[in-house]
Amino acid sequence: MSEHHLPRESLPSSAPATVTVFASPASWIESDALTQCQQVAALDGMIHVAAMPDLHPGKGAPIGAAMASTVLYPFLVGSDIGCGIAVFPIKLKRAVPERLASRFPDLDRALDPERDADDPAWVVVEGDVPAGHLEGLGTVGRGNHFVELARVDTILDAGHAARLGLNAGDLVLIVHSGSRGLGERILRAHTEVHGAGAAPDPAAYLAMHDEAVRWGSLNRRVLAARVAYALGAEPSEPIVDECHNLVEVRDGVYLHRKGAASGDGRDVLVAGTRGTASYLVAAHAGPEANHSVAHGAGRKMSRADALRRGRAKHTVEELRRTPVGSLVVCGERQLLFEEAPTAYKRIEQVIADLVEHRLATPVVSTIPLVTYKTPDLGSTSRPGPRGHRGARGRS
DNA sequence: ATGTAC
C-alpha cells in the first residue's frame, strides 16, 4: 500500500457518505456515472449522494444527482448555475406547427437595451437585471436547452391540474435555459484559483450564485415573453419554474443539485426529448432523496456517440419532423443529431422510477408541437461539406 | 453548457 496516510482518526467524522440510486433495474445507468457518484461520495465533508433515474456522466461530476455536504463545492453545481425549466400557459387561436415554427424569433440574439429598446419583452424585466448582467439576456443557449410550444395531452391528476389551471388541449411554452455567460464566469473565477476544491468563502460564492439563479429565472421569462409576442400571444406568469443546477443551504448543510430539481412539495416539469412527451409532476421527495427529483429523460449516449450513430440511423428530415408530428427548429445539423430522441432514455421509465420510489406524482403529460433549438439558417437542406462547422467537442 | 481557442 503506497497511499499517503492522513490522520483520519483525528478528524471529527470519517463515516463515508451514502450513495442511493433512485432507479429500478429496468433503468439503464451508465457505470461511469455511478463511478462519479462514488468519487463525489469520497469528497471531504460529503454526507449523502442521491442519484436520480436520469443519472448520466458529466464533466467531473455526475448529472442527475443531489449531493449533501458540510463543504461547498462549486464544481458540483457546474457552470450553468441557475439552469432550470419553466412552464408558461399560452393562448393561441390555432396551433399549426408549420406556421408557428417560422414565427419563432432569433433566440441567439440577446435583447439589446438600445437596439431593442421598444421590444415588448422588456415588460418582464422589473427593475435591475441581476448582477447588472445584460449580456446574453433572452438567449436560449445550446446543448439541451430549448423553448418548446407544447400541448397538454393526458391529465393524470385532475385535481392538481385544475389547481394549475390546466386542461387537456391547452398550450404551454416550456423553457429550458440557464444563466448563460454569467454562471460560467462565476465558476471559472473559482476554478482558476481553487480548481475542484471547496469554496473558501461560501458566503461570497453564494452571493454570486444567487444572482445567477435569479438571472436564469429572469432569462426564462424573457425567452417566454419574446416567443409569446412573436406568436401573437400575451406573456404569462410561469406556473412552474424549478432550477436544477444550484446549491442551497438546508438543515445546516450544502445541498448541491446538478441536473436534479428541488423536490420538496414543488411542481416540476420533467423534460422528455424533442420528439417525446414531457411530464409535469408534483414532487414530494424526502431526505433520502436529498429533497430532489429528476430533471429530464437523461442522456443515454454521449454527444459524440449520438452524432456518430445518429448519422447512420437518421436523416436530418426525420429529426426535424418528429414521430409525434412536431417540428424542431435547429439550424445546426450536429446539434440535431446530438439531441436526437434516441440519444435519451425513455422518459416514461424515468417517471415510473420517480413514482415507484414515491418521489413524485404525475400531473399532466405534454406533447411537443414546435421545439426551438437554434435559428433555422434557411430551411433548404443542402448536403454541403461535412464538418466544416467543427465536429469536435466532448461534453 | 460555456466562451474561446485552434
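Quick note on labels: first sequence line is chain A, next is B, and so on, each numbered from 1.
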Length of the NZ-P vector between A:Lys59 and B:dG3, whole Å: 13 Å
d(CG, A:Leu107; C1', B:dA1) in whole Å: 17 Å
Separation of B:dA1 P from A:Lys258 NZ (nearest whole Å): 7 Å
Contacts of A:His56 that satisfy side-chain hydrogen bond (donor to acceptor under 3.5 Å, both in side chains) - sequence neighbours left out: none
Any A:Arg142 side-chain N or O less than 4.0 Å from OP1/OP2 of B:dG3: no
Separation of A:Glu211 CD from A:Asp128 CG (nearest 0.5 Å): 9.5 Å
Nearest-Å distance for atom pair CD/P, residues A:Glu184 and B:dA5: 12 Å
Protein-nucleotide distance (A:His295, atom NE2; B:dA1, atom C1'), rounded to Å: 11 Å
Below 4.0 Å: OP1/OP2 of B:dT2 and any side-chain N or O of A:His145: yes
For atom CZ of A:Arg185 and atom C1' of B:dT2, their distance in whole Å: 12 Å
Rounded distance (Å) that lies between atom C1' of B:dA1 and atom NE2 of A:His56: 11 Å
Qualifying residues under salt bridge (charged side-chain N to carboxylate O under 4.0 Å, His left out), relative to A:Arg151, sequence neighbours excluded: none
Atom-pair distance (CD1 on A:Ile186; P on B:dA1), nearest Å: 18 Å
Non-hydrogen side-chain atoms of A:Pro105 and A:Val227 separated by less than 4.5 Å: yes
Sugar-phosphate, base or nothing in reach of A:Arg180, heavy atoms under 4.0 Å: sugar-phosphate
